[in-house]
Amino acid sequence: MFAVLTRIVAALNANRRPGEIAGACSFAVMLALLPAGNLIWVSLFALVFLVKVNLGIALLLTAILTPMAVLADGFLDRVGYAVLTAPALQTFFTRLYNAPFGPLTGFNNSLVPGALIVGLLLWVPVFFLCRALVQAYRERLRVKIIRSPLVQWFARFPLVRRVQDAARRARSIYEWAG
Amino acid sequence: MNRTPKAPRMFAPRIPKTRFERKMLKRIPLSNEREFLLGLYTKHDDVYVRETELEKKDCKHLKRLAKAIKHNRGLFQPVKLGLLAAIAGLALAGVTVFLNPIVSSAIERGLEAAFVARSELSGLSLRPLVPGISFDALTVADRNQPLQNLFEVHDVRVELDLGQLIRGRIVIRDLDAGQLRFATGRSTSGALPADHPALIDGTDDRPAARTTLRSEAGSVVQEGVGQLLSLDVQEIVAAELSRLETPGVVDEQISLIRREITETRAELAELQTATEVFRSDAEGLLSTDPRTVSSIEQLTSLYTDTESVARDAAVILDSAAGVSRDIGASRARVEAAVDAISTAVDADVSGVQDRIPSASDVLTGPVAAFLEPHIMALIDPYRDTIDTLLSAVTWLQERSADQEDRSGVTRQGRTVAYPSLEYPRFLLERAAVGAASGAVQYQAELLSLSSDPEMTEGLPTARYGQRHNGRSAIVDAVFDLRRNASTPFDLALVLESQPIAFSVPNAPFSFSGLVGTFDLTAEARLVETGGTLSEELVAFLRVVPDDVQFVTEGLIVERVRSVIARAETVEIEVQAPAPQGEPAVRTNLDGPIREEIAAYLAEQRDAIVEQVEAEVRRQLDEQLSRYSEELDQLLSLYADLEEYIADARSLAARVTEQRTAIETRIAGLRGEVEDRVRAEAEAARQEAERRAREEAEAAAREAERRAREEAGRIIDSIRSPF
């Protein structure tokens with residue numbers, strides 16, 4: 001947890017695109033909404049590892065949001081069921097159902113298409129919102145926070161220094177890893 | 001020596017404007033970093049120029065910037081993608097290089113555990129993406145003969161359905177085994193080492209072959225024609241006499257009649273006594289003629305006696321009526337007894353006739369009678385094979401029936417089902433294997449073998465073919481294992497030009513054996529009827545006899561031989577309705593042979609029946625004569641009794657007539673008395689009137705006299721008053 005936190009702090013302050021953090025948040029929302037244990041979730045999870053998003057933020061947010069996603073199950077179920085039973089899509093879904101890997105996607109469970117559709121729709125606004133927030137932080141708050149007397153005072157504590165050192169190391173690792 | 005710090009190549013002294021702004025500045029998210037870079041370069045028209053010398057710290061900073069710019073380029077992580085590709089490549093290489101040997105070894109271990117003998121598999125090829133298995137050769141040694149293979153099979157190819165495999169179902173689209181050979185030689189020993197796990201812990205979970213279809217060969221040869229020809233008349237007579245029911249019935253009826261006789265005798269004696277008393281009383285009364293009696297007192301006395309005798313007659317007549325009713329009931333019982341004896345006699349006689357087989361009975365299948373066990377023995381091996389197949393299918397069905405589907409989604413949601421072909425957990429659509437043993441070629445095929453027959457369109461079918469020197473055998477078995485299937489099992493068997501040779505000891509007509517060839521077409525099926533399975537077998541054989549052997553010669557043998565010679569082929573039809581039922585076997589020779597020997601057998605049979613019947617009737621006659629005597633006694637008693645009753649009735653009638661005569665006489669006497677009394681009364685009345693008249697006249701005269709005397713006295717007084 002400590003390492004994850006330091007990575008998050010490092011990512012926020014590193015010379016990285018804000019889109020990495022924003023993408024991590026968007027993917028985390030999708031992963032949290034989708035029921036786990038099906039091919040779509042696994043594929044999405046694998047994609048998170050392959051694209052340039054902040055993995056720490058993605059994993060942390062997924063872990064935080066997953067329990068909350070249950071609250072949205074009712075809505076996701078209605079959306080998914082409406083899509084699954086839409087007459088125009090019956091042919092497509094029947095083919096998918098009979099395709100070799102179709103059942104592994106779990107698409108015929110109403111939560112899966114519901115979460116996929118809602119997650120895709122949320123992906124873009126979440127991305128731009130998070131990117132804007134990161135940009136705002138870096139441009140307006142970052143320097144102020146670092147230079148504030150409170151942080152300066154706080155930074156003198158050994159524990160905080162350790163965090164700073166860890167963040168620095170993490171950042172250097174980040175940069176080394178490219 | 002201090003080396004001059006060198007900036008990364010990316011940050012050349014002159015950088016085109018477009019590249020500097022789009023590829024570098026744009027990929028530096030932090031503003032202070034951007035400002036640092038812009039501080040190093042000066043913009044000139046279309047190019048950015050670095051005019052100042054770089055210090056060591058600037059170079060380090062630029063190195064960090066270069067890394068950040070590189071990192072911020074592109075969406076994907078090339079390192080991770082490369083790593084993933086490498087892992088995939090390694091996995092593929094691993095599958096290619098290591099999977100086949102691993103699976104091959106596992107299969108060999110499994111087979112060694114199953115057969116407890118060395119197994120070798122070569123040329124195994126697994127196809128994970130398009131699921132399938134193929135191998136060049138598989139040999140399994142014989143545990144009892146280590147230098148011999150139990151079987152070896154070559155060129156095996158198995159195709160699986162990927163979609164169903166992903167769903168956790170094994171659907172074998174095609175299984176083709178090119179060559180299967182049995183009992184082939186080995187160059188090395190096939191025995192397992194003593195410490196092999198298969199020798200330490202071996203369990204056999206294979207199903208035992210069911211024997212429900214196995215039928216017992218009937219013992220028709222001992223019955224039928226042979227029975228008729230070997231009849232022992234004395235033995236039959238003794239046996240038939242012991243089976244007779246008539247003696248028992250006769251004894252029972254005789255005891256009944258004896259009871260009737262005793263009761264009837266008692267009633268007869270009682271009636272006889274009463275009648276005699278009545279007769280003596282009545283005779284005295286009846287000897288008097290009422291017309292001769294003139295005295296009313298005598299007549300009244302006679303009438304009183306008659307009344308008394310008539311009451312006795314009524315009592316006797318009541319008693320006689322009761323006895324008559326008893327006789328009627330007794331007669332009915334005796335008649336029933338006679339009927340029972342008659343029925344028993346008829347039953348015994350017809351039983352004797354039935355138990356001695358007639359020529360027509362035993363000649364329904366004279367040829368089939370001695371061929372039937374051999375025909376069944378011919379068919380039984382094939383039925384055993386089908387039994388084993390049926391057991392295997394049932395075993396598979398039971399193993400997989402209780403398995404449940406598992407859902408992969410843990411969170412709740414509604415599952416929508418779409419039209420699709422549903423497959424059972426295990427389905428073998430087709431498996432074919434060819435085999436050769438010497439010059440014999442075998443071919444077997446299995447279709448639609450499924451763990452859940454309800455979900456399978458085709459019925460499980462097993463086909464087996466064998467060919468050798470122009471002789472062929474084809475078995476086609478269809479299993480319908482669905483619930484409530486009307487025909488769970490249907491077998492078609494075709495054999496062509498198969499050799500046949502059998503000997504029959506103790507067969508009728510001295511027949512001892514047959515050598516030839518045969519063609520067979522058979523159909524066997526299990527039929528579900530009311531919750532029970534019954535077997536139906538219809539087989540048609542065409543036997544071409546090369547040699548028909550007889551132990552001895554004789555008239556019947558000659559006739560049989562001539563019939564067979566004329567027919568040239570023996571066509572046999574076998575029908576077995578149920579496993580326990582006796583098979584009906586008919587042949588084309590039955591009719592001609594029947595005609596040939598029917599007359600002879602009929603004579604034999606008639607003679608035997610005549611002897612038995614005569615003996616039985618003789619025995620029955622003795623019983624019936626005893627019964628007849630007792631019955632005569634009873635009938636005689638009935639006659640006596642009826643005579644007494646008639647006598648009593650006659651006497652009673654006479655008494656009644658006598659009473660009527662007395663009553664008539666009494667009536668006549670009563671009229672005379674009345675006339676006489678009326679005449680006397682009239683005379684008395686007239687006398688009284690006369691006397692009254694005379695007394696009245698005398699009184700008148702006396703009154704007149706007295707009046708005159710008074711008048712004289714008065715006149716005298718008047719005349720001489722003083």
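Residue numbering restarts at 1 for every chain, and letters A, B, ... go by the order of the sequence lines.
With chain A as the partner, the residue from Lys80(B), Gln77(B), Arg414(B), Gln164(B) showing the most heavy-atom pairs under 4.5 Å is Arg414(B). Most heavy-atom pairs under 4.5 Å with chain A, from the set Pro29(B), Gly74(B), Ser31(B), Pro78(B): that is Pro29(B). When the candidates Leu65(B), Asp161(B), Val416(B) are compared by the number of heavy-atom contacts under 4.5 Å with chain A, Val416(B) comes out ahead.
With a threshold of 4.5 angstrom between heavy atoms, Leu50(A) approaches chain B through its backbone and through its side chain. Residue Leu34(A) touches chain B through its backbone alone, counting heavy-atom pairs closer than 4.5 Å. If you measure heavy-atom distances from Leu96(A) to chain B, you find no contacts under 4.5 Å at all. With a threshold of 4.5 angstrom between heavy atoms, Ala46(A) does not approach chain B through any atom at all. In this structure, chain A has a heavy atom under 4.5 Å from the side chain of Leu84(B), while its backbone stays farther away.
Residues meeting the side chain to side chain donor-acceptor pair (under 3.5 Å) test with Tyr418(B), sequence neighbours left out: none.
Under the 4.0 Å criterion applied to side-chain N and carboxylate O atoms, Arg430(B) and Glu445(B) are assigned as salt-bridge partners.
Between the side chains of Glu20(A) and His71(B), at least one donor N or O lies within less than 3.5 Å of an accepting N or O.
Under the side-chain hydrogen bond (donor to acceptor under 3.5 Å, both in side chains) criterion, the residue pairs touching residues 112-138 of chain A are Asn13(A)-Tyr137(A), with sequence neighbours excluded.
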Using the side-chain hydrogen bond (donor to acceptor under 3.5 Å, both in side chains) rule, take Tyr41(B) and Glu51(B) through it: C-alpha gap first, then chi angles, then the decisive distance, then the call. CA-CA 7 Å; Tyr41(B) 285 86; Glu51(B) 293 172 340; over 6 Å; no
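The distance between the ring centers of Phe93(A) and Tyr97(A) does not fall below 6.0 angstrom.
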